[in-house]
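Following: one structure in structure tokens, then a few remarks.
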Amino acid sequence: MKPNKKKARNSDEREFGGALGATCIPVFLPLTVLYLLSVCRSPAASVLQWPPPLTPAAHLWDPLAAVLIGGWLALQSFLYLLPIGKVSEGLVLRDGSRLKYPINGFHALSITAVLLLVCFWLGMPLGYLFELILPLAVCAIGVSYLLSMYLYIRSFWAPQHALSLGGNTGNPLYDFFMGRELNPRIGDFDLKYFCELRPGLIGWVVINLGMLMKEVELRGSPSLAMLLVNGFQLLYVTDALWNEEAVLTTMDIVHDGFGFMLAFGDLAWVPFTYGLQAMFLVVHPQSLSTLGAAGIILLNGIGYYIFRKSNSQKNQFRRDPTHKSVAHLETIATATGKRLLVSGWWGFVRHPNYLGDLLMALAWSLPCGMSHILPYFYVIYFTILLIHREARDEKHCRAKYGLAWDTYCRRVPYRIIPYIY
Ligand SMILES: NC(=O)C1=CN([C@@H]2O[C@H](COP(=O)(O)OP(=O)(O)OC[C@H]3O[C@@H](n4cnc5c(N)ncnc54)[C@H](OP(=O)(O)O)[C@@H]3O)[C@@H](O)[C@H]2O)C=CC1
Ligand SMILES: CC(C)=CCC[C@@H](C)[C@H]1CC=C2C3=C(CC[C@@]21C)[C@@]1(C)CC[C@H](O)C(C)(C)[C@@H]1CC3
């Protein structure tokens with residue numbers, strides 16, 4: 001078969017700072033991961049510390065880390081391929097076809113949990129993940145580079161209709177970053193869908209558990225702050241896998257190609273930066289009052305409620321607008337035939353799910369106290385990510401729905417936070 005060198009339609013609009021952004025981000029973000037992990041483990045844990053507490057190069061590599069990352073990817077791939085759970089269809093593609101996806105992420109999480117219990121029972125030192133964290137991150141970054149290179153090269157053999165609209169400008173660095181192919185597959189194995197929810201997301205809570213075990217080794221029992229961070233983030237990951245089918249309609253699966261941005265985001269960024277709070281707590285123990293803990297649990301509960309209810313309402317509405325839980329909601333028609341909700345959660349702000357997610361992000365950092373900025377890294381990064389994501393989504397929706405989208409924006413003027421943004 002001849003390589004496909006054509007561009008897909010609509011490919012001249014550049015995102016993420018265009019070619020310059022796409023050149024700098026793949027260098028800057030992996031270094032940021034290593035920097036944050038190094039600072040987090042240092043006694044001062046200050047991002048303003050000068051000189052920064054950089055880890056010597058020799059401590060960045062450990063063959064055990066490579067074995068663990070390889071074994072982890074193999075285990076999660078095996079669980080993905082198990083013929084358990086249902087099979088769902090994705091949205092209709094440009095050629096009119098629909099891909100099939102296994103919905104067994106929750107099974108994969110449960111089996112992983114049982115395997116971890118066995119490891120614990122066998123006396124394996126899970127707390128050693130704390131010592132190994134930098135070599136593990138280096139290997140995960142290496143895997144995301146290798147995977148992105150493979151994805152970029154193989155995309156030249158993909159048919160035209162299988163290319164993403166955003167990642168085919170002809171500029172190799174930009175296309176490598178954004179991803180040329182929309183749904184790269186090896187047989188039935190969907191690489192993007194697999195990476196989005198399995199190795200990184202489940203890896204994140206396993207690393208958190210490792211930090212908890214390290215705290216037990218050091219202090220005899222886990223602190224309340226550590227239990228809250230572990231519990232909140234486990235709830236978030238469990239929710240994502242329980243509602244796995246909903247991922248099939250997200251921007252990442254439907255619109256974005258699979259390139260460095262998502263490969264690195266899924267495999268390295270999520271597991272090694274989203275859990276910085278737990279790592280921080282190992283070196284910087286915090287005492288938390290019962291009242292403080294109750295307030296934080298309430299905040300996480302409110303955030304989770306808004307996040308889950310709003311996401312479920314939209315998913316239900318998109319799947320079956322006549323369902324009794326959504327049939328009563330006020331909607332506006334669009335030229336595409338699809339309707340937009342203008343009451344219920346989606347009449348409150350235009351992205352109620354982002355609001356809930358942000359409240360949870362704050363609740364994950366508060367157990368770490370107020371003395372350091374580092375455990376608040378996730379809230380700060382996530383606010384920037386969601387503001388940027390909202391702007392991207394808005395652009396797509398305006399292009400898709402035209403005047404109806406403008407009407408929606410007039411009816412629901414605030415994007416994420418009522419009366420503020
Ligand atoms: N933890 C993390 O790192 C991240 C978490 N997230 C979370 O993932 C979840 C999904 O987010 P994301 O994929 O960005 O997008 P959304 O789930 O917010 O989906 C946006 C899409 O919803 C549809 N839509 C928008 N407004 C309406 C309306 N009024 N009525 C009906 N449909 C509407 C449109 O698609 P259409 O009309 O085509 O159906 C739009 O493109 C969120 O909860 C977010 O917080 C996201 C990114 C990172
Ligand atoms: C800095 C950088 C490289 C960013 C890349 C962005 C990715 C880290 C995120 C893009 C969208 C994501 C989603 C989730 C995790 C982070 C990434 C991959 C998600 C799987 C988290 C759990 C949620 O419940 C979710 C399933 C809705 C969500 C989907 C989007």
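Counting starts at 1 for both ligands and their atoms, in listed order.
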[atom]: nearest protein contact (heavy atom, Å):
atom                    : value
atom 10 (C) of ligand 1 : N353 ND2, 4.1 Å
atom 32 (N) of ligand 1 : R318 NH2, 3.1 Å
atom 24 (N) of ligand 1 : K314 CD, 3.7 Å
atom 29 (C) of ligand 2 : E196 OE2, 3.7 Å
atom 1 (C) of ligand 2  : L29 CD1, 3.5 Å
atom 2 (C) of ligand 1  : F382 CE1, 3.2 Å
atom 30 (N) of ligand 1 : L341 N, 2.9 Å
atom 15 (C) of ligand 2 : V270 CG2, 4.2 Å
atom 44 (C) of ligand 1 : D357 OD2, 3.4 Å
atom 7 (C) of ligand 2  : G265 CA, 4.4 Å
atom 41 (O) of ligand 1 : D393 OD1, 2.6 Å
atom 11 (C) of ligand 2 : D252 OD2, 3.0 Å

Do R350's NZ or CZ and the ring of Y414 fall within the cation-pi criteria of under 6.0 Å and 45°?
-> no
Ring-face cation contact, Y101 with R185, 6.0 Å cut, 45° max = yes
How does [X] reach ligand 2, if at all, at less than 4.0 Å between non-hydrogen atoms: by side chain, backbone, both, or neither?
X    : result
R389 : side chain
I25  : neither
Y274 : side chain

Distance filter under 4.0 Å to [X] heavy atoms, resulting ligand 2 atoms:
X    : value
F307 : 24 (O)
D266 : 18 (C)
V247 : 26 (C)

For the residue pair [X] and [Y], does the interplanar ring angle fall in the parallel (under 30°), tilted (30 to 60°) or perpendicular (over 60°) class?
X    : Y    : result
H396 : H255 : tilted
H284 : H372 : tilted
F377 : Y381 : parallel
Y354 : H351 : parallel
F260 : Y145 : tilted

Per-atom contacts, ligand 1 versus [X] - under 4.0 Å to a heavy atom:
X    : answer
Y236 : 1 (N), 2 (C), 5 (C)
Y401 : 36 (P), 37 (O), 38 (O)
M251 : 13 (O)
T250 : 13 (O)
Y274 : 1 (N), 2 (C), 3 (O)
Y378 : 1 (N)
C397 : 34 (C), 40 (C), 41 (O)
F307 : 43 (O)

With a cutoff of 4.0 Å, is [X] in contact with ligand 1, counting heavy atoms of the residue only?
X    : answer
E390 : no
R389 : yes
W345 : no

Going by the 4.0 angstrom heavy-atom rule, the piece of L385 near ligand 1 is side chain
